[in-house]
Amino acid sequence: MSDVSSSELRALMARVPSVDKVMASAEFAPLVSEYGRTQVLNALRDALDAWRISAQSGDAAGDAAGSPAVSALDTAQLHTTVAAALLARNASRLRSVFNLTGTVLHTNLGRALLPDESVRAVMTALTQPANLEFDLATGKRGDRDDLIDDLICELTGAEAATIVNNNAAAVLLTLSALAAKKEVVVSRGELVEIGGAFRIPDIMSRAGAKLREVGTTNRTHLKDYEQAITAHTALLMKVHASNYAISGFTKEVGIDEIAPLAHTHGLALAVDLGSGTLVDLGEWGLPREPTVRETVAAGADLVTFSGDKLLGGPQAGLIVGRRELIAKIKKHPLKRALRVGKLTLAALEPVLQLYRAPEKLTERLTTLRLLTRPAEDIHGAAQRVLPALQQAIDARYTVTAEPMFSQIGSGALPVDVLPSYGLVVRMADGKRGGRHLLALEKQLREMARPVIGRIADDALRLDLRCLEAADEAQLVAQLIAQANRH
Ligand SMILES: *Cc1c(COP(=O)(O)O)cnc(C)c1O
């Protein structure tokens with residue numbers, strides 16, 4: 001590529017239409033009307049700057065015959081460039097994906113999916129004023145917790161409840177309000193780290209509480225708790241191990257034993273349950289998790305749990321327990337900082353209401369419907385999607401429908417437990433996939449609606465448990481469109 005002489009460059013520049021002229025052109029009018037003048041002007045200046053830089057470096061100097069390519073830089077070409085830039089810039093960064101990872105409550109993919117009732121309630125809350133903190137009976141100021149604390153108490157058997165941004169916030173607030181400058185007794189087997197940066201010892205020190213570790217990693221006895229109690233003790237605490245399991249020679253002290261010990265010493269027992277199941281999952285053949293009601297009934301004075309794990313609602317942290325303790329928690333300044341917004345409350349209330357009809361839950365509560373979806377049903381989906389996937393990808397790959405196991409995710413039993421079905425992609429020549437599988441994984445991830453699977457055992461695996469009817473149709477359409485492109 002030849003260098004452009006300065007006179008040539010000046011000639012090229014002179015032919016570029018003026019910013020004012022382009023902005024006033026008929027081509028640009030729809031852009032200005034959609035994106036506003038400021039954005040269009042900025043994008044246009046960027047496009048012109050980019051052109052100047054490439055012109056100066058010779059890129060725009062044209063072909064070997066010397067005819068300058070820059071004649072193409074007219075208003076129409078600028079429109080194409082600017083429109084594409086504005087579209088890309090204004091596209092939502094938070095995008096829908098297909099969760100074919102096999103993990104139903106996938107933290108990185110947004111955890112629980114909410115039912116239509118929540119969608120409608122959020123829509124209303126978004127567009128209409130509401131009695132968020134307004135008591136309609138008296139016309140006086142209200143408390144946002146009052147909107148759903150009765151419902152939470154009804155479903156858990158607790159005396160009182162409050163709600164914050166997530167369960168990490170619930171634990172931080174509980175410890176800050178009840179144990180600052182005092183000691184909290186926790187078993188060494190329960191000092192867990194739960195994804196990201198939630199570690200019990202760190203939260204404890206952030207809350208200004210002193211951790212008093214007792215027992216060993218695998219075994220803790222009641223006398224360990226008893227011997228740790230001093231005049232400085234504020235709370236005894238139990239933490240659900242969530243994402244790991246201790247097996248073998250183990251001993252954990254149950255809530256029904258620790259609670260009386262705490263109460264004899266005038267202390268409270270706080271339990272961080274994590275997942276916060278409201279119903280016995282064993283009824284549907286799922287692994288049993290202690291429910292919030294059982295935990296309260298066993299003697300816990302406070303229980304903290306997430307709204308968007310097994311409960312199946314929006315991101316939230318719920319704290320339930322004894323009235324005077326909840327009252328103290330609500331008065332702490334951190335409660336104001338960690339409170340939930342109206343959208344969370346709007347989304348959560350209909351989810352909690354679904355629990356009033358437990359026999360309908362597997363139909364209406366999305367999370368439970370996905371967790372209990374029969375393997376045959378998923379097998380059907382796999383057979384229907386298979387041909388479209390095979391056509392959409394290179395013939396070097398071969399797709400089969402195979403049984404596999406899904407995971408619950410979000411700290412419920414960290415093992416594969418749910419018999420499922422999915423599509424498995426291997427190399428057609430039987431060789432190891434290596435970078436070819438990585439390339440395919442990337443190709444699927446870069447689709448209009450990204451398809452997220454996982455590579456394991458030298459195959460790309462797409463678990464179809466979370467692909468319900470409407471999504472299945474959309475995925476097939478997307479794959480067929482891709483197939484038609486080549
Ligand atoms: C998941 C979990 C948390 C954190 O809850 P978030 O809602 O993600 O903030 C805390 N404790 C336990 C035991 C958990 O399982």
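Atom set for the values below is all heavy atoms of this structure, side chains included, hydrogens, waters and symmetry mates excluded. All values reported here derive from a predicted model rather than from experimental measurement. In this chain, residues are counted from 1 in sequence order. First listed ligand is number 1; within each ligand, the first listed atom is number 1.
Against a heavy-atom cut-off of under 4.0 Å, F198 is close to the following atoms of ligand 1: 10 (C), 11 (N). Below 4.0 Å from some heavy atom of R111 lie the following atoms of ligand 1, by number and element: 6 (P), 7 (O), 8 (O). Interface of H240 with ligand 1, defined as ligand atoms under 4.0 Å from a residue heavy atom, comprises 13 (C). Annotation for ligand 1: atoms under 4.0 Å from non-hydrogen atoms of G274 are 12 (C), 13 (C), 14 (C), 15 (O).
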Check the pair N90 / E34 against side chain to side chain donor-acceptor pair (under 3.5 Å), numbers first and verdict last. CA-CA 11 Å; N90 287 280; E34 182 169 356; over 6 Å; no
List the steps, then state whether side chain to side chain donor-acceptor pair (under 3.5 Å) holds for R449 with Q474. CA-CA 9 Å; R449 181 169 167 190; Q474 202 189 359; 2.5 Å; yes
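For ligand 1, the polar-atom distance check finds an N/O of K309 within less than 3.5 Å of one of the ligand's N/O atoms. Inclusion of D272 in the set of residues having an N or O under 3.5 Å from an N or O of ligand 1 is warranted. The shortest N/O to N/O separation between A168 and ligand 1 falls below 3.5 Å.
A distance of 9.5 Å separates CD1 of I326 from CG of D149, quoted to the nearest 0.5 Å.
Looking at E117 and R364, no side-chain N of the basic residue comes within less than 4.0 Å of a carboxylate O on the acidic one, giving no salt bridge. Checked for salt-bridge contact, E133 and R144 meet the test: a charged N lies under 4.0 Å from a carboxylate O. At a threshold of 4.0 Å, the pair R426-E402 counts as salt-bridged, since one of the basic side-chain nitrogens sits closer than that to a carboxylate oxygen.
Compare S410, S306, S275 by their heavy atoms: the one nearest to atom 7 (O) of ligand 1 is in S306.
When the salt bridge (charged side-chain N to carboxylate O under 4.0 Å, His left out) test is applied to R323, no partner is found at least two apart in sequence or on another chain.
Of all the heavy atoms of K238, none lies under 4.0 Å from any atom of ligand 1, so neither backbone nor side chain is involved.
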